[in-house]
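To start, the structure under review is shown below, and the notes come after it.
Proteins come first, then strands; the chains are lettered A, B, ... in the order of their sequence lines, and each starts at number 1.
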There are 2 protein chains.
Amino acid sequence: MQDLSTAKKRCARVAAILKNLAHPQRLFLLCCLAKGEASVSELLRQSGASQSLISQHLTRMRREGLVQARREGNFVLYRIADPKLSALIQTMEKTFDE
Amino acid sequence: MQDLSTAKKRCARVAAILKNLAHPQRLFLLCCLAKGEASVSELLRQSGASQSLISQHLTRMRREGLVQARREGNFVLYRIADPKLSALIQTMEKTFDE
DNA sequence: AAAACGTATTACGATATTTTAATATTCTAA
DNA sequence: TTAGAATATTAAAATATCGTAATACGTTTT
């Protein structure tokens, strides 16, 4: 175990990440991406939310470093930046499965 | 794997939980409690935040079912309600350790 | 080069969250 | 039974987040 200020710093870092996950639509997007790269169109179809909103969510998560994007022709493909995050999301899905 | 609407419902449920964790001070409180029951005074000492604020955070998390409380004389002892949540928090601490 | 497609950005009102300060409550001990 | 310690509640201002609508941007196709 570590000292308090270290623990607090970690909490600040982790909380900043969790702010992104703490929204139903963003979490859903991340769950989709935890299964692999996906285009905005695909995410749009699955989520059912508006184009603008999805794009804003993705932009935000890219800005915060949770996801990365690459363009392929007309499409933009998103993926989760850090395998640790993928793992965490899948853990959460299993944990709150029932 | 399950159908989309099931996945979305789960995301809604989980996001509601994560909203509580997505705050540095609340996450810190939960990390403390993940190690075992603690009084408000103890949490207050460790966190260093104001009495009112800590109490509000705890009240909120109790309302949302993340923690439970019992009174012991003058003190109120808090604990995490669901072992699953304790486990998740410890997983997160390890995951974002470095 | 214009049209069409996929994605991103901007602006704004509505709503929610966070924090501080002041006060109230509950219990114990004198 | 009053004082004091521990905790909770309330109110209100400051700030942040959310969703919609309108528009812009980049790429491909015609």
- Task: Within residues 59-67 of chain B, find the residues that approach DNA chain C with a heavy atom at under 4.0 Å, and present them sorted by residue number.
- Result: B/Arg60
- Of residues 11-27 of chain A, the positions that come close to DNA chain C - non-hydrogen atoms, cut-off under 4.0 Å: none
- B/Leu77 CG to B/Leu33 CG distance, which is reported to the nearest 0.5 Å: 10.0 Å
- Task: Measure the spacing between CG of A/Leu66 and CD1 of A/Ile80 and express it to the nearest 0.5 Å.
- Result: 8.5 Å
- Task: Verify the distance criterion only: is there a donor paired with an acceptor across the side chains of B/Ser86 and B/Gln90 at less than 3.5 Å?
- Result: no
- Message: Can you list everything that forms a side-chain contact (heavy atoms from CB on, under 4.5 Å) with B/Arg62? Sequence neighbours excluded, please.
- Response: B/Thr59, B/Val67, B/Ala69, B/Tyr78
Show the distances under 3.5 angstrom between N or O atoms of the protein and N or O atoms of nucleotides 21-24 of chain C.
{"residue": "C/dA21", "atom": "N6", "partner": "B/Ser52", "partner atom": "OG", "Å": "2.8"}

Quickly work out the [X] [atom1] to [N] [atom2] distance and round it to whole Å.
X       : N      : atom1 : atom2 : answer
B/Leu77 : D/dA8  : CG    : C1'   : 16 Å
A/Glu72 : D/dT28 : CD    : C1'   : 14 Å
B/Leu53 : D/dA11 : CG    : P     : 18 Å
B/Leu43 : D/dT7  : CG    : C1'   : 12 Å

- Message: Can you pull out every ring pair (Phe, Tyr, Trp, His ring centres under 6.0 Å) where at least one residue sits in residues 40-60 of chain B? Sequence neighbours excluded, please.
- Response: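 Residue pairs passing ring pair (Phe, Tyr, Trp, His ring centres under 6.0 Å), neighbours aside: B/His23-B/His57.
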- Message: Checking A/Lys84 now: which residues fulfil salt bridge (charged side-chain N to carboxylate O under 4.0 Å, His left out) with it, not counting sequence neighbours?
- Response: B/Glu98
- With B/Arg70 via salt bridge (charged side-chain N to carboxylate O under 4.0 Å, His left out) - residues at least two apart: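 With neighbours one apart ignored, the set is B/Glu37, B/Glu72.
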- Between B/Leu44 and B/Gln51, which heavy-atom pair has the shortest distance, and what is it?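 Closest approach of B/Leu44 to B/Gln51, heavy atoms only: CD1-CA, 3.6 Å.
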- Task: Mind checking side-chain hydrogen bond (donor to acceptor under 3.5 Å, both in side chains) for A/Arg79 and listing every partner two or more places apart, or none if nothing turns up?
- Result: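 By the side-chain hydrogen bond (donor to acceptor under 3.5 Å, both in side chains) rule, A/Arg79 matches A/Gln68.
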- Message: My understanding is that only residues two or more places apart in sequence, or in another chain, count here; which of them pass side-chain hydrogen bond (donor to acceptor under 3.5 Å, both in side chains) with A/Arg60?
- Response: A/Asn20
What's touching nucleotides 24-26 of chain D from the protein side, N or O pairs under 3.5 Å?
{"residue": "D/dG26", "atom": "N2", "partner": "A/Asn74", "partner atom": "OD1", "Å": "3.0"}

- Message: Taking salt bridge (charged side-chain N to carboxylate O under 4.0 Å, His left out) as the cut-off, I'd like each qualifying pair that reaches into residues 85-95 of chain A, sequence neighbours left out, listed once.
- Response: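 Every salt bridge (charged side-chain N to carboxylate O under 4.0 Å, His left out) pair that includes a residue of residues 85-95 of chain A, provided the two are not neighbours, is A/Glu93-B/Arg10.
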- Message: Quick one, B/Ser55 and B/Val40 - any side-chain contact, counting heavy atoms below 4.5 Å?
- Response: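 Not in contact.
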- Quick one: label A/Ser41 by what it contacts on the DNA or RNA (base, sugar-phosphate, nothing), any heavy atom closer than 4.0 Å. sugar-phosphate
- Item | Side-chain hydrophobic cluster, 4.5 Å single linkage: members besides A/Phe28 |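 B/Leu4, listed by chain and number.
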- Check whether any side-chain nitrogen or oxygen of A/Tyr78 sits under 4.0 Å from OP1 or OP2 of C/dA8, and answer yes or no. yes
